[in-house]
Amino acid sequence: MYASNSSTQLSPITAPDTASRRKFRLLIFWSFPPRSATRTSKNTLLGAPRQLVCQCCGMPLEDAILSREPDGSLNEDYCQWCYAGGTFKYTSMEQLIDFCVEHMSSEAWSKEQVRAHMEAVVPGLKHWQK
């Protein structure tokens, strides 16, 4: 690329130094964060150092099913089905377990197996230890 100077001769435009380019990229990034950044958990941005699990029902969490706070920010502790808009759906462990038994049982897992699994997992989750 060339620019003309006052003597009408063309001279090459020199690229800005590395520090200037880095500052420019940072300025652009913080001025216009990528749209996906607002929908991505910190855990994913850090390379998923830990497997997130809903602290109410025990379901493995992915960014698509994370719950949100009333202000719209992500909550990495709960799934969208247990906690939404600042309120919890289940008021007791028994209510949650009964719901899961009805919806998780299949040919592979009988209702008794699902109940036994949930009764073993749920009491150890952060939400129910309060």
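Values below: all heavy atoms of this structure, side chains included; hydrogens, waters and symmetry mates excluded.
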Please name the pair of heavy atoms, one in C57 and one in M118, separated by the smallest distance, quoted to 0.1 Å.
O-CE, 3.5 Å
Can you hop from M93 to M59 via hydrophobic side chains spaced under 4.5 Å?
no
What one should report as the nearest heavy-atom pair of P123 and Q129 is O-CG, 3.6 Å
Treating T87 as the side-chain partner and A84 as the backbone partner, does any N or O pair qualify as donor plus acceptor under 3.5 Å?
yes
Quick test of your reading: applying salt bridge (Lys or Arg N to Asp or Glu O under 4.0 Å), list the pairs with at least one residue in residues 86-102, sequence neighbours left out, ordered by first then second residue.
D98-R115, E102-K111
In terms of heavy-atom contacts, Q80 and A64 come closest through OE1-O, 3.8 Å
Does the plane of the ring in Y90 sit parallel, tilted or perpendicular to the ring in F99? Use 30° and 60° as the thresholds.
tilted
Aromatic rings W109 and H117: how do their planes relate, parallel, tilted or perpendicular, breaks at 30° and 60°?
perpendicular
Between Q113 and A108, which heavy-atom pair has the shortest distance, and what is it?
OE1-O, 3.6 Å
Determine whether W81 and L52 fall in the same hydrophobic cluster, where Ile, Leu, Val, Met, Phe, Trp and Tyr are linked whenever their side-chain heavy atoms lie under 4.5 Å apart.
yes
E76 vs L61 side-chain heavy atoms within contact, under 4.5 Å
no
Would a 4.5 Å heavy-atom cut-off, applied to side chains only, mark R68 and L74 as touching?
yes
Could you check whether the rings of Y78 and H127 sit parallel, tilted or perpendicular, using 30° and 60° as the cut-offs?
perpendicular
Taking the side chain from Q55 and the backbone from K126, do they hold a donor-acceptor pair closer than 3.5 Å?
yes
Which residues share a ring-ring contact (aromatic ring centres under 6.0 Å, His included) with W128, sequence neighbours left out:
none
Residues C79 and C54: closest non-hydrogen pair is N-SG, 3.3 Å
What distance do C82 atom SG and D77 atom CG have between them, rounded to the nearest 0.5 Å?
12.0 Å
Do you reckon I97 sits in the same ILVMFWY cluster as L125, going by side-chain contacts under 4.5 Å, direct or chained?
yes
